[in-house]
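A quick write-up on the structure given underneath.
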Amino acid sequence: MTRSATMASPAYFLPEDETLGRAELSALQRRKLAQMLREVIPTNAFYREKFGGIAFNAETDSIEKLPFTTRADLESAQRQSPPYGTNLTYPLEQYCRLHQTSGSSFGRPMRWLDTADSWKWCQKCWGYIYAAAGVRPGDRLMFPFSFGPFLGFWAAFESAISLGHLALAAGSMTTIARLQLMFDNQVNVICCTPTYAVRMVEVAEKEGINLVDSPVTRLIVAGEPGGSIPATRNRIASAWGARVFDHTGMTEIGPLGFECEQNPGGVHLIETECIAEVIDPKSTNPVPDGEIGELVLTNLGRWASPLIRYRTGDQVRISRNRCACGRCFARMEGGILGRTDDMFLVRGNNVFPASLEAVIREVSEVAEFRVEVYEVGALTQVHVEIEPAPGTDPAQLASRVGHAIHDRLSFRAEVRCVATGSLPRFEMKAKRFIRRPPPAKSPHVAN
């Protein structure tokens with residue numbers, strides 16, 4: 001892909017390293033990994049202990065020679081050395097950003113620190129994401145999320161400002177107020193979760209607002225699998241009259257996934273800034289491209305608190321052919337397919353929450369839903385609550401959803417309708433999938 005002579009800022013060019021072939025990309029990754037290890041190993045207690053006794057040459061050895069890093073490793077380090085753990089490369093006074101996850105196995109969120117340089121790296125990654133989504137000079141961006149300690153879109157917000165955009169922080173506002181802010185300021189790009197994009201549609205319809213008439217042309221969604229679920233993204237795109245772009249990232253690993261304009265339905269990884277592997281989650285052996293496995297990532301620029309061979313728990317199917325956009329970056333076909341710890345077994349079927357959402361969202365009369373999974377003896381039961389859209393027959397809707405789940409996923413779910421407005425709405429990550437003890441009474445089973 002060539003650079004456009006009409007673009008005003010080099011921040012929006014496709015950088016030359018994005019068009020590297022696989023061999024050149026691998027060589028670049030090795031150089032960056034070697035630089036990072038030279039900086040990190042002497043002072044980072046976490047990795048100095050983890051890699052102790054391992055002779056490793058980043059220029060010649062396979063990264064598979066190094067051990068994996070797991071969430072449990074990081075939580076253990078923070079539990080033993082509170083509050084920040086030992087994965088710190090520099091003195092504490094050099095760190096200027098604190099973010100945290102939504103929870104952990106030891107009763108409090110996992111905290112993550114960045115220095116100014118590591119935070120700039122996160123912003124740089126968002127520059128790749130914006131460019132791939134077709135964000136251009138003069139575009140105005142709005143961020144309707146709570147600006148709390150979660151990473152959320154913090155890096156996206158500050159990256160947009162550094163690129164010269166008008167960036168509107170829309171935290172602590174009602175949805176109606178956010179919609180008004182969007183129209184008043186002629187916002188072109190919305191950054192939010194898929195769930196909140198749907199919620200804004202719901203509120204706009206109640207207020208008689210046609211979002212197709214808004215200036216929004218793009219929505220960059222993250223935090224949930226909905227951005228790569230066709231039924232969910234089609235619902236958003238249709239209601240907004242805008243293009244939906246999926247994005248993936250984690251508080252601890254950084255913003256590393258983007259969807260390009262030219263080839264929707266998959267998410268590239270910024271392989272100039274990370275090394276991506278896919279493994280069998282049980283054997284930990286490498287999985288060939290094109291087969292489903294667990295994503296393992298090494299970020300190459302967040303030296304202050306790096307992650308090397310980090311087991312993300314995300315289930316993906318990777319391809320590495322040159323994309324229509326011109327990049328050879330690894331591409332997660334269909335985005336993140338699910339999480340290894342979210343999968344459950346029903347009647348011999350492996351089921352991911354994203355698979356259920358894909359089926360339920362295809363029924364347009366479902367305004368919102370919630371799924372409960374519980375055990376009865378040796379059997380797994382699935383209970384689905386659905387909110388019908390106004391004017392929908394609840395009994396017929398429950399039957400349709402029940403049949404769709406059975407036809408597509410080969411098991412019967414307990415489906416019932418609940419009152420309009422009774423299910424929670426979310427700005428950040430939606431909590432629609434719940435594991436809990438069986439209810440006292442089993443609801444009606446849709447046949």
Side-chain angles (χ1 to χ4, degrees), residues 102 125-126 128-135 139-147 150-157 159-160 167-171 175 178-179 182 187-204 211-212 214 216-251 254-261 263-270 314 316 331-339 353-354 357-358 360-361 368-369 425-433:
S102 56
C125 290
W126 265 101
Y128 283 88
I129 296 162
Y130 286 141
V135 179
D139 281 345
R140 300 178 178 186
L141 288 77
M142 188 174 83
F143 300 82
F145 82 102
S146 298
F147 281 78
F150 305 115
L151 184 65
F153 285 101
W154 267 111
F157 179 77
S159 179
L168 305 179
T175 299
R178 287 167 170 166
L179 290 169
M182 178 188 77
V187 168
N188 311 108
V189 181
I190 301 286
C191 293
C192 64
T193 64
T195 289
Y196 196 64
V198 173
R199 174 59 177 163
M200 294 176 80
V201 170
E202 186 179 41
V203 172
L211 292 180
V212 174
S214 80
V216 174
T217 61
R218 289 164 169 77
L219 294 100
I220 300 175
V221 298
E224 303 165 354
S228 285
I229 295 175
T232 302
R233 63 183 287 134
N234 290 342
R235 179 177 292 196
I236 296 169
S238 176
W240 282 87
R243 174 73 186 273
V244 177
F245 292 88
D246 199 8
H247 155 63
T248 62
M250 304 173 76
T251 295
L256 288 170
F258 67 85
E259 182 177 331
C260 64
E261 278 191 284
N263 192 10
V267 176
H268 287 292
L269 291 163
I270 309 173
D314 292 330
V316 300
R331 173 182 156 95
M332 300 183 290
E333 300 295 343
I336 293 173
L337 305 177
R339 298 221 10 112
E357 179 175 347
I360 294 169
R361 285 298 191 195
E368 190 52 87
F369 70 95
R425 302 305 197 262
F426 305 92
E427 290 181 20
M428 303 299 286
K429 291 184 180 180
K431 297 178 181 178
R432 294 192 181 92
F433 295 87

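Small disclaimer: the values here were computed from a predicted structure and weren't measured. Residue indices begin at 1 and follow the sequence shown. Computed from heavy atoms alone, side chains included, the values below leave out hydrogens, waters and symmetry copies.
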Do [X] and [Y] have side-chain heavy atoms sitting under 4.5 Å apart?
| X | Y | result |
| --- | --- | --- |
| C125 | L256 | yes |
| V187 | R178 | no |
| R243 | R233 | yes |
| L211 | V201 | yes |
| M332 | D314 | no |

[X] [atom1] to [Y] [atom2] distance, which is reported to the nearest 0.5 Å:
| X | Y | atom1 | atom2 | value |
| --- | --- | --- | --- | --- |
| I270 | I129 | CD1 | CD1 | 5.0 Å |
| C191 | F145 | SG | CZ | 9.0 Å |
| M182 | R140 | CE | CZ | 13.5 Å |
| T248 | F258 | OG1 | CZ | 10.0 Å |
| D246 | L219 | CG | CG | 12.0 Å |
| T193 | F153 | OG1 | CZ | 7.5 Å |

| said: Restricting to side chain to side chain donor-acceptor pair (under 3.5 Å), what partner residues turn up for R361, sequence neighbours left out? | reply: none

Which atoms form the tightest heavy-atom contact between [X] and [Y], and what is the distance?
| X | Y | answer |
| --- | --- | --- |
| C260 | H268 | SG-NE2, 3.7 Å |
| F245 | A132 | CE2-O, 4.2 Å |
| V212 | A239 | CG2-O, 3.5 Å |
| T232 | G226 | CB-O, 3.5 Å |
| L141 | A160 | CD2-CB, 4.1 Å |
| A167 | F143 | CB-CE1, 3.9 Å |

| task | Only counting residues at least two apart or in another chain, list the ones meeting side chain to side chain contact (heavy atoms under 4.5 Å, CB included) with V203. | result | T175, I176, L179, R199, E207

| All side chain to side chain contact (heavy atoms under 4.5 Å, CB included) counterparts of A155, not counting sequence neighbours | W119, C122, W126

| Stepwise side chain to side chain contact (heavy atoms under 4.5 Å, CB included) test for E368 and E202 | CA-CA 10 Å; E368 190 52 87; E202 186 179 41; 5.6 Å; no

| said: Applying side chain to side chain contact (heavy atoms under 4.5 Å, CB included) to I220 and V189, what does each step give before you reach the verdict? | reply: CA-CA 7 Å; I220 300 175; V189 181; 4.3 Å; yes

Any donor-acceptor pair under 3.5 Å linking the side chain of [X] with the backbone of [Y]?
| X | Y | value |
| --- | --- | --- |
| E224 | T195 | yes |
| R432 | E357 | no |
| H247 | V221 | no |

| query | Under 6.0 Å between ring centres, would you say that holds for F147 and F157? | reply | yes

